[in-house]
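In what follows, every chain begins at residue 1, and chains take the letters A, B, ... in the order their sequences are listed.
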There are 2 protein chains.
Amino acid sequence: MADSDSLGFKPLYRKVRESLTQRIADGRWKAGQIVPSETQIAADLSVSQGTVRKALDDMTAARLLIRRQGRGTFVATHDEARILFQFFKLKPDDGAGVFPESEVLGAATAAATAEEAAKLAIFKGEPVIRIRRLRSLAGTRCIVEMIVLPGAIFDGLQEGGIPNNLYHVYAERFGVTIAGGSEILKAVPAAAEDARDLGVVPGAPLLLIDRVATGLDGRPMEWRVSLCETSMIHYATELR
Amino acid sequence: MADSDSLGFKPLYRKVRESLTQRIADGRWKAGQIVPSETQIAADLSVSQGTVRKALDDMTAARLLIRRQGRGTFVATHDEARILFQFFKLKPDDGAGVFPESEVLGAATAAATAEEAAKLAIFKGEPVIRIRRLRSLAGTRCIVEMIVLPGAIFDGLQEGGIPNNLYHVYAERFGVTIAGGSEILKAVPAAAEDARDLGVVPGAPLLLIDRVATGLDGRPMEWRVSLCETSMIHYATELR
DNA sequence: TAGTGGTCTAGACCACTTC
DNA sequence: AAGTGGTCTAGACCACTAG
């Protein structure tokens with residue numbers, strides 16, 4: 001995202017798209033709500049309906065909006081179905097994917113390390129929130145993960161408990177829409193602490209997933225490192 | 001793909017898209033060639049230019065075509081740059097991605113096992129070609145993989161040697177365009193033979209990548225299982 | 001029946017590449 | 001200057017949903 005064009009030409013539909021995206025970013029359009037019709041937006045912005053359509057189609061492709069013929073256009077929510085589809089790529093080897101349960105092992109605020117600062121595009125020493133949790137699928141613990149958040153944005157997150165669906169909370173309580181992210185995967189041997197939490201022998205192969213999740217403006221909002229025991233589950237992805 | 005609509009309505013631009021995709025599938029439009037302009041195709045098929053545009057845009061999104069303003073529309077090739085971007089997700093931890101070198105360890109035809117038949121949507125006992133090869137990045141061996149192909153489609157592939165860029169050969173010699181695929185990833189311990197070929201200790205964690213690659217019609221064309229030593233490289237993917 | 005998104009058309013003009 | 005893809009408009013009509 002960010003779509004910095006630097007030089008030259010910026011088509012009208014992109015200005016419209018950015019204007020409408022801003023309405024989500026600043027909370028004028030809230031998750032789950034219906035948005036005005038194409039013709040209303042077109043009149044509002046004094047552009048043609050076709051131009052609005054192209055902007056809305058772009059935003060739909062980016063999963064910011066959901067359009068339903070005959071009903072209207074809605075701001076996408078971070079419900080479990082969406083997260084399962086877009087962000088949670090681990091599925092049981094048999095059967096279909098389900099949303100995992102979580103048990104928080106620890107949560108604290110601290111000063112960002114150099115690595116955390118680099119991942120979150122903040123400065124070393126700035127406050128971060130660190131959460132460690134154990135996740136289970138169908139009652140079997142299979143993921144232990146560390147989540148690091150910029151404290152300046154998510155101040156007070158821990159109060160009142162840390163729920164299972166974090167991206168939903170980012171949106172509802174902090175107005176932060178997670179729109180995408182990058183993942184890096186490796187196979188690593190289990191360290192002692194992780195092995196204990198997952199109930200595997202030290203040195204056992206684990207799938208490491210290093211994710212930086214980004215907001216509407218493309219800036220990093222969360223760093224998450226998950227260690228997964230993949231004897232009964234797998235990471236699934238499509239090549240397109 | 002396949003886009004089986006079963007019941008109801010099929011818009012014109014989809015018929016156009018399928019018609020144009022068929023031109024690639026049956027070789028009338030060849031990899032790298034320029035295709036007629038929007039207006040020419042529109043006149044040819046007796047539809048409006050805007051409808052042709054929507055079909056061409058869809059095919060561009062599916063990476064079947066490449067459009068360049070002022071120059072024209074071209075059939076995408078399976079050159080190294082495209083494969084690096086679309087199909088080869090392993091990158092060095094430092095530096096940028098490069099196309100890996102390959103050393104063929106063995107190749108043979110055989111009767112499909114039940115698992116191979118299921119992956120390739122053929123019948124058990126039908127002929128398959130099996131290729132085992134070792135791949136290196138920057139001179140360091142890091143991937144050992146088994147490739148299984150339906151013998152009925154790729155008969156004679158082995159004659160004249162097996163080159164590094166297989167998808168290019170599928171297209172040029174057999175008219176098979178690999179258009180997409182599904183991957184399943186796991187972390188597994190190195191078996192004795194794989195450990196020997198990769199130069200790691202048995203039991204060392206390896207990233208297993210199980211890929212079924214599909215053709216223009218969405219049918220499986222290749223099954224490939226890669227075992228990767230990921231201490232210096234990683235698998236990179238975007239969440240969108 | 002009214003309102004929404006989805007498709008299709010026709011035409012004008014802009015941006016880019018090539019000759 | 002000519003030809004290509006890219007943008008923008010205006011309007012008509014179709015498919016779907018809801019009251």
Side-chain angles (χ1 to χ4, degrees), chain A residues 3-21 23-24 29-77, chain B residues 3-21 23-24 29-77:
Chain A
D3 276 327
S4 54
D5 230 19
S6 352
L7 281 176
F9 175 67
K10 177 182 248 176
L12 186 53
Y13 74 85
R14 273 186 50 181
K15 295 181 195 162
V16 172
R17 188 183 74 198
E18 283 159 20
S19 163
L20 299 182
T21 301
R23 296 191 187 187
I24 299 176
W29 287 359
K30 291 193 168 52
Q33 284 184 348
I34 194 169
V35 310
S37 71
E38 290 180 351
T39 46
Q40 283 177 295
I41 296 171
D44 182 18
L45 300 180
S46 301
V47 299
S48 82
Q49 183 252 10
T51 299
V52 172
R53 162 165 283 269
K54 187 151 169 77
L56 292 176
D57 282 349
D58 277 9
M59 295 171 72
T60 303
R63 305 186 202 284
L64 297 182
L65 299 175
I66 295 174
R67 315 198 74 184
R68 275 184 281 194
Q69 191 176 43
R71 295 192 52 191
T73 302
F74 303 82
V75 180
T77 62
Chain B
D3 275 330
S4 53
D5 230 18
S6 350
L7 280 177
F9 175 66
K10 177 183 252 178
L12 186 51
Y13 74 86
R14 274 187 50 180
K15 295 180 194 164
V16 172
R17 189 182 72 197
E18 283 159 20
S19 163
L20 300 181
T21 301
R23 296 190 188 188
I24 299 176
W29 287 0
K30 290 193 168 52
Q33 284 184 348
I34 193 169
V35 309
S37 71
E38 290 179 351
T39 46
Q40 284 176 296
I41 296 172
D44 182 19
L45 300 180
S46 301
V47 300
S48 81
Q49 183 252 11
T51 299
V52 173
R53 162 165 282 269
K54 187 153 171 75
L56 293 175
D57 282 349
D58 276 10
M59 295 171 73
T60 302
R63 303 186 205 285
L64 297 182
L65 299 175
I66 295 174
R67 315 198 74 185
R68 275 184 280 194
Q69 190 176 43
R71 296 193 52 190
T73 302
F74 303 82
V75 181
T77 62

| Interface with DNA chain C, restricted to residues 45-52 of chain B and to heavy atoms under 4.0 Å | B/V47, B/S48, B/T51

| said: So A/W29 and A/P36, do their side chains get closer than 4.5 Å, heavy atoms only? | reply: yes

| task | Map A/L12 and A/R71 onto DNA chain D by nearest heavy atom, then report which one ends up closer to the 5' terminus. | result | A/L12

| query | D/dG5, C/dT7, D/dC8: which one has an atom nearest the side-chain heavy atoms of A/Y13? | reply | D/dC8

| Between A/D57 and B/K54, is the closest basic N to carboxylate O distance under 4.0 Å? | no

| query | In whole angstrom, what separates B/D57's CG from C/dT7's P? | reply | 13 Å

| remark: Assert: residue with more 5' nearest nucleotide on DNA chain D, out of A/G70 and B/Q69, is B/Q69

| query | Would you say B/T73 reaches D/dG5's phosphate, i.e. side-chain N/O to OP1/OP2 under 4.0 Å? | reply | yes

| Hey, mind stepping through B/M59 and B/T73 against side chain to side chain contact (heavy atoms under 4.5 Å, CB included) and telling me if it holds? | CA-CA 11 Å; B/M59 295 171 73; B/T73 302; over 6 Å; no

| message | Measuring to OP1 and OP2 of C/dC16, would you say a side-chain N or O of B/R68 lies under 4.0 angstrom away? | response | no

| task | Give the rounded distance in Å between these two atoms: NZ of B/K54 and P of D/dG6. | result | 14 Å

| field | C/dA2 pairs with, by Watson-Crick or G-U criteria that keep both distances under 3.5 Å | value | D/dT17

| For B/V16 and B/A55, which heavy atoms make the closest approach, and how far apart are they? | CG1-CB, 3.7 Å

| request: Report the distance from atom CD1 of B/I66 to atom P of D/dG6, rounded to the nearest whole Å. | output: 12 Å

| message | Tell me the interatomic distance from A/R53, atom CZ, to D/dT9, atom C1', rounded to whole angstroms. | response | 15 Å

| field | Over all atoms of both residues, closest heavy-atom pair of A/K15 and A/K10 | value | CE-O, 3.6 Å

| request: Output the single nucleotide from C/dC8, C/dG5, D/dT7 whose closest atom is nearest the side chain of B/P11. | output: C/dC8

| Integer-rounded Å distance: C/dC13 C1' and A/F9 CZ | 10 Å

| note | note: B/E38, atom CD; D/dG3, atom C1'; distance rounded to Å ~ 12 Å

| query | Given C/dT4, is OP1 or OP2 found less than 4.0 Å from the side-chain N or O atoms of A/R67? | reply | no

| message | Can you measure A/R17 atom CZ to D/dT7 atom P for me and round it to whole angstrom units? | response | 11 Å

| request: Mind checking the CD1-OG1 spacing from A/I66 to A/T77? Nearest 0.5 Å is all I need. | output: 6.0 Å

| note | Rounding to 0.5 Å, atoms CD (A/Q33) and CZ (A/R23) come to a distance of 12.5 Å

| request: Round to the nearest Å and state the distance from A/L56 atom CG to C/dG5 atom P. | output: 8 Å

